[in-house]
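Proteins get letters first, then strands, A, B, ... in listed order; numbering begins at 1 in each. Note: hydrogens, waters and symmetry copies are ignored here, and every other heavy atom, side chains too, is used.
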Protein chains: 2
Amino acid sequence: MSNATSSESSPSTRDQILDEALKCFAEKGYEGTSLNDIAAGVGIRRPSLLHHFASKETLYGDVFERLLSDWMERLDEAIAVPATGWDKAELVLRACLDLFAETPDYVRIMRREALDGGIHLGIDLSGVLRPFFDNAVTYLEGQMDAGVFTRLDARHLLITGYGAILTYFSDSPFVDGLIDDNAMNTKNISDHQEHVIQFFRSALLRS
Amino acid sequence: MSNATSSESSPSTRDQILDEALKCFAEKGYEGTSLNDIAAGVGIRRPSLLHHFASKETLYGDVFERLLSDWMERLDEAIAVPATGWDKAELVLRACLDLFAETPDYVRIMRREALDGGIHLGIDLSGVLRPFFDNAVTYLEGQMDAGVFTRLDARHLLITGYGAILTYFSDSPFVDGLIDDNAMNTKNISDHQEHVIQFFRSALLRS
DNA sequence: GTCTATACCGCGATAGAC
DNA sequence: GTCTATCGCGGTATAGAC
């Protein structure tokens, strides 16, 4: 996630910029972030930053590309683990929850991108995730046909699930105020994860 | 929702500005929206707009205030209707779903505000919604104690539910790409609503 | 109430010295 | 690779004529 240039002790300036840009874009959005903010966070001047990245847009593009490839890799791993029925669903669910908990900045950027509909880049976000989506639909419908899962609309279930899982992390400043506590501390994250698992289990299984 | 100055045929310039600002802030966010965009949408110049609102910040504040009071009113109505058990939950759920479907621009602004943690205003969003939240927690826990609803963490259930319901509307540009269709057309919205009801019913009831 | 004109600032980006 | 200096643009906001 954080860029390690092989086994150097200090990351390259380029990678420092990518890390700081990720943080700023997640926190304040594309429009709300200035190159000055990022440069200041790294400890350099704006023109020095533009020596490493041709423009704000390409910098954002690189941040987003790294985000997508990191996530894809993790998702592929989780999906590859062999399991069946509810166990499989729980495994993927847990993988997503762990992933999101470890990379909250990614989550917030994704949410902003989904909100804006991908204005900032040519990248078609839903297009990239479409294979995962279609795969999951097929799996869920198979389990429903087999009588393992409760019959629900698989496509809407996935969209609802995506919203249910993502929101806790993307809207954590808001959640803080609702629960009068830091939503992103270890215990609360753990509680949230167990709740989501229980919730989906309860909805999908008649045990 | 849309401002009607008593029963005039054409709304006041001030209300036209509020409507256009709502649209722009929802679509492109606070930072992404310029006063030029709003003024152009109304058909006036930027200085004319600033004759009606002292600054961009106060304009945003007024838009948000109207949003909150509109929603509160609707929510209060829905909660006031007498019902018990699952019927009550379904009633409130449907009220929220209808409300969100009718006011997608509100939803997107709310989501942006939750993401940003209320930077743009002094308004503490979670503080305003806190009474509803605490009320709902009490109700859910009562139903769980009575054995009507499946035992789940009521607070997390509400947060998860909030995410599940809001996301379809806030991220509709993204959903479009997943389902290869306009998420906000009548049929898809109706399908989504029925799905959410079924999903929660399945999770909360053992019928 | 709306306009033109203008002041002022911060932004992204470039040129060129070191 | 980093810096200072600068350009050009678009942003918010104000002044003053109509």
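A donor-acceptor pair under 3.5 Å is absent between the side-chain atoms of A:K28 and the main chain of B:D116, judged by distance alone. Checked by atom type and distance alone, the side chain of B:S12 pairs as donor or acceptor with a backbone atom of B:D15 at under 3.5 Å. The closest donor-acceptor contact from the side chain of B:N188 to the backbone of B:N182 lies under 3.5 Å.
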Counting only pairs under 3.5 Å, give me each side-chain donor-acceptor contact of residues 155-165 of chain B, with atom names and distances, residues two or more places apart or in other chains.
unit_1: B:H156; atom_1: ND1; unit_2: B:D153; atom_2: OD2; d: 3.3
unit_1: B:T160; atom_1: OG1; unit_2: A:H195; atom_2: NE2; d: 3.1
unit_1: B:T160; atom_1: OG1; unit_2: B:H156; atom_2: O; d: 2.7
unit_1: B:Y162; atom_1: OH; unit_2: A:D171; atom_2: OD2; d: 2.5

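Pairs engaging residues 40-54 of chain B under the side-chain hydrogen bond (donor to acceptor under 3.5 Å, both in side chains) rule: B:N36-B:R46 [sequence neighbours left out].
For the pair A:T13 and A:I17, the minimum side-chain heavy-atom distance is below 4.5 Å. Using a 4.5 Å cut-off on side-chain heavy atoms (C-beta onward), B:E57 and B:H120 make no contact. You'll find the side chain of A:F64 stays beyond 4.5 Å of the side chain of A:L59, heavy atoms only.
In this view, A:T138 satisfies the side chain to side chain contact (heavy atoms under 4.5 Å, CB included) rule with no residue, not counting sequence neighbours. Residues passing the side-chain hydrogen bond (donor to acceptor under 3.5 Å, both in side chains) test with A:R108: none are found, sequence neighbours excluded. A:Q193 pairs by the side chain to side chain contact (heavy atoms under 4.5 Å, CB included) definition with A:L97, A:D98, A:A101, A:I189, not counting sequence neighbours. The side-chain hydrogen bond (donor to acceptor under 3.5 Å, both in side chains) search around A:D134 returns A:R130, not counting sequence neighbours. Residues satisfying the ring-ring contact (aromatic ring centres under 6.0 Å, His included) criterion with A:F100, sequence neighbours excluded, are A:W71.
Summary of helix geometry: the two end axes of the helix from C:dG1-D:dC18 to C:dC18-D:dG1, each defined by five base pairs via their C1' atoms, are inclined to each other by 0° (rounded to 10°).
The stretch residues 25-36 of chain A has no heavy atom under 4.0 angstrom from DNA chain D at all. Scanning residues 41-48 of chain A for heavy-atom distances under 4.0 Å to DNA chain C yields A:R46, A:P47. Near-neighbour residues of DNA chain D inside residues 55-63 of chain A, defined by a heavy atom below 4.0 Å, are absent.
Taking the ring axis of B:F25 as reference, the NZ or CZ atom of B:K56 does not stay both within 45° of it and closer than 6.0 Å to the ring centre.
On the nucleic acid side, DNA chain C has its first and last nucleotide under 4.0 Å of a heavy atom of chain B at C:dG1 to C:dA5, going 5' to 3'.
The interatomic distance linking B:L50 (CG) with D:dG11 (P) rounds to 13 Å, in whole Å.
A:K88 NZ: more than 12 foreign heavy atoms inside a 6.0 Å radius.
Between A:D37 and A:A54, the residue anchored closer to the 5' end of DNA chain C is A:D37, taking for each the nucleotide with the nearest heavy atom.
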